[in-house]
Amino acid sequence: MPVDLLPGPVHVAHYNNLCPETNSPFMTEPVLHSGLQRCSMLSPYKMAKSLMDVIENNKDASRSELTDLLVAQYVENSEPLRPELAQAAFSQYWPIYCSQNRSLPFSIAQIGKAFRNEASCGPFIYRLMEFEQMDCYHFMAPEDSDRFTLDLSTDRLSWWRSLATKRSNFKSVELHKQDRAHYASSSIDIEYDFPWGSEEVESVANRTDYDLKAHAEATMQLVTHSDGKVSYTPHCVEASAGLDRAVMAYLCDGYELRDVPSSTTHQLRPFLNLDKRLAPIKVAVFPIVQNNAELVQIGRLLAAEFRAAGLYTAYSSSGSIGRRYVDHDEMGTPYCITIDDDTIEKGTVTLRSRNTRIQEPMLLTDVVGSILAFYKTAA
């Protein structure tokens with residue numbers, strides 16, 4: 001993104017990171033007050049050398065003076081990284097509107113990297129300095145934006161819940177004015193009850209005409225539409241979600257410890273109870289032993305048939321069959337298929353379900369069609 005797009009519309013001054021103890025910026029240099037990360041335009045060696053030269057040439061400077069000199073040197077040889085995706089869409093509003101022959105309302109969606117100087121990261125991948133953002137911007141007439149914000153937040157909450165096993169852990173929270181971004185006239189967060197507390201996974205905000213007007217002022221190019229009676233600048237309702245946070249939410253949502261009885265005792269084993277649409281491995285194929293060439297050959301052919309049908313398929317022939325089942329329960333694989341002696345004698349395989357742990361025979365000729373039908377049906 002061109003650097004010129006950042007200072008005005010992105011309102012650099014609003015990306016503040018304050019020291020949690022003193023409630024003051026970590027450094028006095030204004031550019032480091034912001035949450036904007038910067039990327040060096042020099043090689044690591046040249047940047048390090050330029051900073052060492054500053055230290056060498058200012059041995060008598062105080063700590064604060066030396067800090068300012070080092071910051072100035074770094075800023076001179078670096079550029080800011082974008083803290084959000086939105087400005088690329090707003091700056092390209094007119095080219096997209098005209099070239100695609102659109103009419104209001106219409107939407108622009110994008111996914112990409114964003115960067116923040118987080119005072120503290122975590123837990124795990126929930127809050128990162130470099131993260132993947134998924135945004136969709138809906139442009140419409142001003143009088144439609146408030147109603148659309150409410151409807152969109154309801155639809156988005158339904159979508160998050162549709163992929164969850166603990167659906168009540170997802171909820172929507174309308175933010176008060178003091179908690180909203182300065183550009184939003186209304187904002188509704190979709191939150192998930194993580195083990196450490198309720199946190200945002202997506203935000204639906206009515207950005208009004210703030211951004212389009214800011215770009216219009218910077219470029220001297222008005223962004224207006226007319227309904228035949230009055231001219232107006234479109235309002236934008238934004239839905240913005242973090243991909244990393246979504247992954248974290250559904251991992252927490254699917255993780256379970258289940259009491260699994262064994263021959264001698266009960267054991268608590270981890271299961272990843274993912275929705276079938278989220279499962280990274282759709283099906284696993286296991287020859288019951290790896291030293292039987294015929295079983296191995298059948299297993300490899302079956303796995304290849306699944307892959308040709310478009311299902312991500314795992315194949316494993318090493319280790320005990322029980323251990324392989326346990327491994328794939330932890331990975332969230334919905335179904336495992338075992339190739340055993342009955343496959344040769346009767347033409348059947350053993351189909352095992354992750355959720356029920358029930359094993360049942362199925363004809364080898366029918367198993368691919370049955371698994372494909374399972375994934376094509378609604379959740």
Side-chain angles (χ1 to χ4, degrees), residues 1-92 110-135 181-183 196 199-200 203 211 214-215 217-219 240-248:
M1 180 188 299
V3 180
D4 292 343
L5 291 180
L6 291 177
V10 178
H11 31 267
V12 171
H14 291 274
Y15 284 93
N16 293 330
N17 275 333
L18 302 180
C19 174
E21 295 181 0
T22 65
N23 201 37
S24 62
F26 288 108
M27 293 188 179
T28 58
E29 176 60 36
V31 75
L32 289 188
H33 288 188
S34 71
L36 293 175
Q37 283 195 51
R38 302 185 71 87
C39 178
S40 174
M41 295 184 293
L42 304 177
S43 67
Y45 171 78
K46 288 183 178 180
M47 177 60 84
K49 186 177 184 305
S50 69
L51 297 178
M52 291 300 295
D53 288 343
V54 170
I55 296 173
E56 185 68 26
N57 297 331
N58 296 275
K59 292 182 177 180
D60 297 330
S62 66
R63 176 185 286 268
S64 61
E65 291 172 337
L66 187 58
T67 296
D68 286 344
L69 289 169
L70 287 171
V71 168
Q73 180 70 12
Y74 177 72
V75 170
E76 182 181 345
N77 293 292
S78 64
E79 289 188 348
L81 298 171
R82 62 184 182 182
E84 64 176 7
L85 307 187
Q87 302 312 315
F90 294 127
S91 65
Q92 292 298 307
Q110 61 179 340
I111 181 171
K113 291 285 187 184
F115 306 83
R116 302 278 176 86
N117 273 332
E118 295 288 357
S120 60
C121 295
F124 191 36
I125 61 171
Y126 177 78
R127 183 174 286 105
L128 301 170
M129 297 181 72
E130 176 183 338
F131 53 94
E132 202 80 20
Q133 208 168 4
M134 305 179 292
D135 290 355
H182 63 280
Y183 51 74
W196 60 87
E199 298 271 14
E200 172 200 346
S203 179
D211 299 274
H215 281 286
E217 291 174 5
T219 62
S240 180
L243 179 58
D244 311 277
R245 293 184 178 188
V247 170
M248 187 70 187

Gln110 vs Gln133, side-chain contact (heavy atoms from CB on, under 4.5 Å): CA-CA, chis, key distance, verdict
CA-CA 8 Å; Gln110 61 179 340; Gln133 208 168 4; over 6 Å; no

After noting the C-alpha distance and the side-chain angles of Lys113 and Glu132, does the key distance pass the side-chain contact (heavy atoms from CB on, under 4.5 Å) rule?
CA-CA 5 Å; Lys113 291 285 187 184; Glu132 202 80 20; 3.2 Å; yes

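Residues satisfying the side-chain hydrogen bond (donor to acceptor under 3.5 Å, both in side chains) test with Gln92, not counting sequence neighbours, are none. Residues forming a side-chain hydrogen bond (donor to acceptor under 3.5 Å, both in side chains) with Asp244 (at least two apart in sequence, or on another chain): none. Legend: residues meeting side-chain contact (heavy atoms from CB on, under 4.5 Å) with Ala246, ordered by chain and number and at least two apart, are Trp160.
Closest non-hydrogen pair, Ser91 versus His215, comes out as CB-CE1, 3.9 Å. Listed here is the closest heavy atom pair of Leu85 and Gly112: CD1-N, 3.5 Å. Minimum interatomic distance between Asp135 and Ser240 (heavy atoms only, all atoms of both residues): OD1-OG, 2.6 Å.
Considering CD of Glu199 and OH of Tyr126, their distance stands at 4.0 Å, rounded to 0.5 Å. Between the CZ atom in Arg127 and the CD atom in Glu200 there is a gap of 9.0 Å [rounded to 0.5 Å].
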